[in-house]
Amino acid sequence: MSRNKYPEVTRERILAVAQKLFLEQGYENTTIPDIVSALGDLTKGAVYHHFKSKEDIMDALGDKMFWDNNPFEQVKGRRDLNGLQKIREVIKLAHAIPHSEELTAQALPLLKNPRILAEMIENDQKFFVPFWQELIEEGIKDGSIHSGCPKELAELLQMLTGIWLIPSIYPADSEELFRRFLFAGEVLKKAGLDLIDDDILKMARRVFAKWEK
């Protein structure tokens, strides 16, 4: 068999087919053989050449969905928003990515896997904290955020929204998650970042209810 000249194209095909199956029949009900069958012209070995497991496929799918629709890039050049407003807009845009909420809900149990969780935390520190810090520093300059510790505030924001609100790490039902979210908002507000507005409150209610289902 000749060597695949277009490995990235194959990888994208696998992710596209996996996403379709995850949305149609659920992550738990989808198997690697299902994905191979839907692809039609690839073997199981070819799929495993690109991904070690079904967990890795879901992880890569989440990364792809984010980077293809990077909300930080979408708000970066907007002159109609101050730093605080950009942070709020990033959160709203991230949840507006097509199928993002549904796939995130399906992926939550994967974070019980120590390897997947460790990789998530590493990516948070590598990518998201610097993104948040840049917007926080912008907000400090324009007066919409009041803090002398932008890096620490960025880390706190990511920890509270990216780890503490994940029910597979800190078990909670939708009401407990909402109270936790409100408390996180109070903590961030005291630290100088008045994050929560009415739109984000409504979004949180919807997301936590979906996660509980």
Side-chain angles (χ1 to χ4, degrees), residues 8 12 15-16 19 23 58-108 111 119-166 177-178 180-211:
E8 192 57 37
E12 293 293 311
L15 290 177
Q19 176 177 325
L23 289 170
M58 176 63 95
D59 192 36
L61 184 57
D63 287 345
K64 174 178 167 53
M65 291 178 67
F66 174 81
W67 291 110
D68 285 352
N69 304 273
N70 188 341
F72 291 96
E73 288 298 323
Q74 293 183 53
V75 306
K76 192 172 183 178
R78 290 188 57 174
R79 299 183 180 277
D80 59 319
L81 301 176
N82 60 34
L84 173 60
Q85 291 169 332
K86 286 183 179 181
I87 290 175
R88 290 171 174 167
E89 188 67 13
V90 162
I91 294 171
K92 296 168 190 176
L93 287 171
H95 285 273
I97 295 173
H99 309 304
S100 173
E101 290 184 359
E102 187 172 352
L103 288 172
T104 297
Q106 292 189 39
L108 290 176
L111 294 175
E119 289 176 357
M120 186 197 78
I121 294 173
E122 182 179 355
N123 284 333
D124 285 353
Q125 293 299 314
K126 185 177 180 180
F127 298 110
F128 291 106
V129 169
F131 279 142
W132 290 131
Q133 184 176 342
E134 183 178 352
L135 294 181
I136 288 170
E137 289 174 346
E138 184 175 336
I140 291 171
K141 289 179 181 178
D142 64 36
S144 60
I145 296 173
H146 308 283
S147 174
C149 305
K151 182 175 185 296
E152 291 76 12
L153 185 54
E155 292 172 342
L156 180 64
L157 172 60
Q158 184 60 36
M159 181 182 69
L160 291 177
T161 59
I163 298 177
W164 196 45
L165 293 178
I166 296 177
L177 282 172
F178 190 71
R180 191 180 291 171
F181 177 74
L182 293 177
F183 182 75
E186 291 179 14
V187 171
L188 290 168
K189 185 174 182 179
K190 290 182 183 298
L193 176 59
D194 190 5
L195 177 67
I196 298 176
D197 63 10
D198 289 342
D199 289 337
I200 290 178
L201 274 178
K202 292 176 184 177
M203 182 199 72
R205 279 285 191 191
R206 183 187 70 246
V207 169
F208 297 152
K210 185 174 293 186
W211 287 2

Does NZ in Lys189 sit with more than 12 non-hydrogen atoms of other residues, nucleotides or ligands closer than 6.0 Å?
no
Parallel, tilted or perpendicular: which describes the rings of Phe181 and Phe208, with under 30° parallel and over 60° perpendicular?
perpendicular
Flag if over 12 foreign heavy atoms under 6.0 Å of NZ, Lys141:
no
Measure the CG-CE distance between Asn123 and Met120 for me, rounded to the nearest 0.5 Å.
9.0 Å
State, to 0.1 Å, how close Asp80 and Gln85 come at their nearest heavy-atom pair, and which atoms those are.
O-OE1, 3.9 Å
What is the distance from atom CD of Glu89 to atom CD of Gln74, rounded to the nearest 0.5 Å?
8.5 Å
Rounded to the nearest 0.5 Å, how far apart are CG of Asp68 and CD1 of Ile97?
9.0 Å
For Glu186 and Lys190, run salt bridge (Lys or Arg N to Asp or Glu O under 4.0 Å): C-alpha distance rounded to whole Å, both residues' side-chain angles, the deciding distance at 0.1 Å, then the answer.
CA-CA 6 Å; Glu186 291 179 14; Lys190 290 182 183 298; over 6 Å; no
Hey, mind stepping through Glu101 and Arg206 against side-chain contact (heavy atoms from CB on, under 4.5 Å) and telling me if it holds?
CA-CA 10 Å; Glu101 290 184 359; Arg206 183 187 70 246; 2.5 Å; yes
All salt bridge (Lys or Arg N to Asp or Glu O under 4.0 Å) counterparts of Asp142, not counting sequence neighbours
none
Shortest non-hydrogen separation from Leu93 to Pro71 and the atoms involved
CB-CB, 3.7 Å
Counting only N and O atoms by type, is there a donor-acceptor contact under 3.5 Å from the side chain of Gln158 to the main-chain atoms of Gln125?
no
In chain order, what residues pass the ring-ring contact (aromatic ring centres under 6.0 Å, His included) check against Phe66, with sequence neighbours excluded?
Phe128
Rounded to the nearest 0.5 Å, the CG atom of Asp124 sits from the CD atom of Glu119 at a distance of 12.0 Å
Kindly give the heavy-atom pair with the smallest separation between Lys86 and Val75, and that separation in Å.
CE-O, 3.3 Å
List the atom of Ile140, the atom of Pro150, and the distance in Å for their closest heavy-atom pair.
CD1-CB, 4.0 Å
Matching residue for Phe72 among Phe127, Phe131, Trp67 - test: ring-ring contact (aromatic ring centres under 6.0 Å, His included)
Phe131
Out of curiosity, Thr161 OG1 to Trp132 CH2, how far, rounded to the nearest 0.5 Å?
6.0 Å
Would you say that His146 contacts Asp194 through its side chain, given a criterion of any heavy-atom pair below 4.5 Å between the two side chains?
no
Please walk me through it: do Leu135 and Glu138 pass side-chain contact (heavy atoms from CB on, under 4.5 Å)?
CA-CA 5 Å; Leu135 294 181; Glu138 184 175 336; 4.1 Å; yes
Tell me the closest heavy-atom pair linking Ile145 and Ile136, and the distance in Å.
CD1-CA, 3.9 Å
Examine distances only and state if a side-chain atom of Ser144 and a backbone atom of Leu84 form a donor-acceptor pair shorter than 3.5 Å.
yes
Minimum side-chain heavy-atom gap Thr104-Met65 below 4.5 Å:
no
Distance-minimising heavy-atom pair for Leu195 and Arg88
O-NE, 3.0 Å
Quick check: does any side chain N or O of Glu137 sit under 3.5 Å from a backbone N or O of Glu134, one acting as donor and the other as acceptor?
no
Test Phe178 against Arg205 for side-chain contact (heavy atoms from CB on, under 4.5 Å), laying out the working first.
CA-CA 7 Å; Phe178 190 71; Arg205 279 285 191 191; 3.5 Å; yes
Residues at least two apart in sequence or cross-chain that pass ring-ring contact (aromatic ring centres under 6.0 Å, His included) with Phe183, listed by chain then number, are none
Passes side-chain contact (heavy atoms from CB on, under 4.5 Å), Lys76 versus Asn70? Steps please.
CA-CA 10 Å; Lys76 192 172 183 178; Asn70 188 341; over 6 Å; no
Can you tell me how far the CG atom of Leu188 sits from the CG atom of Leu160, to the nearest 0.5 Å?
5.0 Å
